[in-house]
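Within every chain, numbering begins at 1; the chains are lettered A, B, ... in the order of the sequence lines, protein sequences first and strands thereafter. In what follows, every heavy atom counts, from backbone to side chain, and hydrogens, waters and symmetry copies are set aside.
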Amino acid sequence: MPVFVAPPASEAELVSRAEQLAGEPLGVLAARVGWEAPADLRRHKGFTGQLMERLLGATGGSRAVADFPELGVELKTLPVDARGVPSESTFVTSIPLGEIGDVEFEQSRVVRKLSRVLWVPVEGTRSLPVAERRVGTPLIWSPSAEELSVLRSDWESLCLLIAQGQVESVTGHLGRYLQVRPKARDGSARRVAYDEDGARLLANPRGFYLRARFTQQILARHFRLG
DNA sequence: TATTGATCATAT
DNA sequence: ATATGATCAATA
């Protein structure tokens, strides 16, 4: 079994590879690359995503670029319940708190990440042993004009608040599709930001996330599930 | 019980 | 340090 997987030469090849994985349990797939599935994900939260990257030949690594730079495609695994409904939000990108407002939506990290996404649903029920969780049918996706306009308005209003120094008042309650939540090693992590008077302050690092209701809509529109 | 806020591991 | 991969777990 190949431990090294070459990057796919085209988007079609990438999708084809992902389709070949559908139905397989994570334990079987992990063994293909010489890994063992952990008992649970408490200390291995990135396991599924990293396994899929490895299996599909992603090369982006932890750099701030797409997982498949040559194809401009981002890979996102999506934990789903027994009915195929996403059970968690989806992390999109970290937020540069100190230099927000320097960029238009079209050039933003959010657009760069979401312009083309390969969604890979994976069973995520906590009581299911990780090794037994099966991979679902993948979906290659780009946001529709309507979806993009909602994402833009969420992004613009959230960025405006942060740029105005209201970072501490931006909670996970805000945003229809996109939300801002902590994204840090722990509660003591700090990042440079600015208050409403432009004075430097240190804030907990934040990231943009897609609400589960939005990713549910994405999946439902393409596979008419029950 | 759905959601927000907190947290864990690894790469560069 | 800060990006990546996310899910956990306390709260409302």
Asks: Show the atom names and distances, to 0.1 Å, of all donor-acceptor pairs under 3.5 Å that link a side chain in residues 118-132 of chain A to residues at least two apart or in another chain.
Replies:
from	atom 1	to	atom 2	distance (Å)
A:E123	OE1	A:R134	N	2.8
A:E123	OE1	A:R134	NE	3.3
A:E123	OE2	A:R134	NH2	2.8

Asks: Between A:L174 and A:K45, just flag the one whose closest nucleotide in DNA chain B comes earlier from the 5' side.
Replies: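 Residue closer to the 5' terminus by nearest nucleotide: A:L174.
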Asks: For C:dT4 and A:R54 - does any side-chain N or O of the residue sit under 4.0 Å from the phosphate oxygens OP1/OP2?
Replies: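 No.
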Asks: Closest nucleotide of DNA chain C for A:R133 versus for A:K76: which of these residues is on the 5' side?
Replies: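 Its nearest nucleotide being more 5', the pick is A:K76.
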Asks: Quick check: closest heavy atoms across A:G187 and A:R190, and the distance to 0.1 Å?
Replies: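 So the two residues come closest at O-NH1, 3.2 Å.
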Asks: Over how many whole Å does the gap from A:L56 atom CG to C:dG5 atom C1' extend?
Replies: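 Atom-to-atom, A:L56 to C:dG5, this comes out as 14 Å.
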Asks: Can you tell me if A:R176 has over 12 outside heavy atoms packed within less than 6.0 Å of its CZ?
Replies: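 No, not enclosed.
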Asks: Could you tell me the separation between the CG atom of A:L41 and the C1' atom of C:dA6, rounded to a whole number of Å?
Replies: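 Distance check: A:L41 CG to C:dA6 C1' gives 9 Å.
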Asks: Nearest whole angstrom, please: distance from the P of C:dA3 to the CD of A:Q50.
Replies: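 Going from A:Q50 (CD) to C:dA3 (P), I get 17 Å.
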Asks: So A:R126, base contact, sugar-phosphate only, or nothing? Heavy-atom distance under 4.0 Å.
Replies: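 Base, at least one base heavy atom under 4.0 Å.
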Asks: What does A:S89 touch in the nucleic acid at a heavy-atom separation under 4.0 angstrom: a base, only the sugar-phosphate, or nothing?
Replies: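 The answer is base, as A:S89 lies within the cut-off (heavy atoms under 4.0 Å) of a base atom.
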Asks: Name the nucleic acid region contacted by A:R206, choosing base, sugar-phosphate or nothing; use a 4.0 angstrom heavy-atom cut-off, strictly under.
Replies: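 Since no nucleic acid heavy atom lies under 4.0 Å of A:R206, the category is nothing.
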Asks: I need the CG-P distance between A:L51 and B:dA11, as an integer number of Å.
Replies: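 In whole Å, B:dA11 P lies 14 Å from A:L51 CG.
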Asks: If only side-chain N and O atoms of A:R42 are considered, is one of them under 4.0 Å from the OP1 or OP2 phosphate oxygen of B:dT7?
Replies: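 For A:R42, the contact criterion (side-chain N or O under 4.0 Å from OP1 or OP2 of B:dT7) is not met.
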Asks: Work out which heavy atom in A:A37 is nearest to a heavy atom in A:G27; give both atom names and the distance.
Replies: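 Heavy atoms only, the tightest pair is CB-CA, 4.3 Å.
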Asks: Using the test salt bridge (charged side-chain N to carboxylate O under 4.0 Å, His left out), find all partners of A:R42 that sit at least two apart in sequence or belong to another chain.
Replies: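 In terms of salt bridge (charged side-chain N to carboxylate O under 4.0 Å, His left out), with neighbours along the sequence ignored, A:R42 is linked to A:D40.
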Asks: Would you kindly compare A:T171 and A:R43 by the position of their nearest DNA chain B nucleotide and give the one closer to the 5′ end?
Replies: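 By nearest-heavy-atom nucleotide position, the 5'-most residue is A:T171.
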Asks: May I ask you to check whether A:R109 and A:S94 show a side-chain donor-acceptor distance below 3.5 Å?
Replies: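 Yes, side-chain donor-acceptor contact under 3.5 Å.
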Asks: Has A:R152 got its NZ or CZ under 6.0 Å from the middle of the six-membered ring of A:F105, at an angle within 45 degrees of the ring axis?
Replies: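 Because its charged atom misses either the 6.0 Å distance or the 45° angle limit, A:R152 does not stack over A:F105.
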Asks: Hey, does the side chain of A:T77 come within less than 4.0 Å of C:dA6's phosphate (OP1/OP2), counting only N and O?
Replies: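 Looking at the OP1 and OP2 atoms of C:dA6, one of them is under 4.0 Å from a side-chain N or O of A:T77.
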Asks: Using a heavy-atom cut-off of 4.0 Å across all strands, would you classify A:N204 as base, sugar-phosphate, or nothing?
Replies: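 If one applies the 4.0 Å heavy-atom cut-off, A:N204 turns out to touch nothing in the nucleic acid.
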Asks: Heavy atoms only, 4.0 Å cut-off, all strands: where does A:T48 land among base, sugar-phosphate and nothing?
Replies: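 Nothing, no heavy atom under 4.0 Å.
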Asks: Calculate the interatomic distance between A:R211 atom CZ and C:dT7 atom P; express it in whole Å.
Replies: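 So the two atoms are 17 Å apart, to the nearest Å.
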Asks: Whole angstroms only, please: what is the CE-P distance between A:M52 and C:dT7?
Replies: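 Distance, rounded to whole Å: 13 Å.
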Asks: Starting from C1' on C:dG5, measure out to CG on A:L210 and report it in whole angstrom.
Replies: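 Distance check: A:L210 CG to C:dG5 C1' gives 15 Å.
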Asks: Taking CD from A:E53 and P from B:dA11, how many angstroms apart are they, rounded to a whole number?
Replies: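 After rounding, the gap between these two atoms is 11 Å.
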Asks: So what does A:G46 touch, heavy atoms closer than 4.0 Å: a base, only the sugar-phosphate, or nothing?
Replies: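 Base contact - A:G46 has a heavy atom under 4.0 Å of at least one base atom.
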Asks: Quick check on DNA chain C: between A:L75 and A:R109, whose nearest nucleotide comes earlier from the 5' end?
Replies: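 This one resolves to A:R109.
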Asks: Does OP1 or OP2 of C:dA3 have a side-chain N or O of A:S94 closer than 4.0 Å?
Replies: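 Yes, such a contact exists.
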Asks: Would you name the heavy atoms of A:E36 and A:F47 that are closest together and state the gap between them?
Replies: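 That would be O-CE1, 4.0 Å.
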Asks: Identify whether any heavy atom of A:P205 sits under 4.0 Å from a base atom; if not, whether one sits that close to sugar-phosphate; answer base, sugar-phosphate or nothing.
Replies: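 Answer is nothing: A:P205 stays at 4.0 Å or more from every strand.
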Asks: Looking at DNA chain B, which of residues 175-187 of chain A put a heavy atom within less than 4.0 Å of it?
Replies: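 Nucleic-acid contacts, sorted: A:Q179, A:R181, A:P182, A:K183, A:A184, A:R185, A:D186, A:G187.
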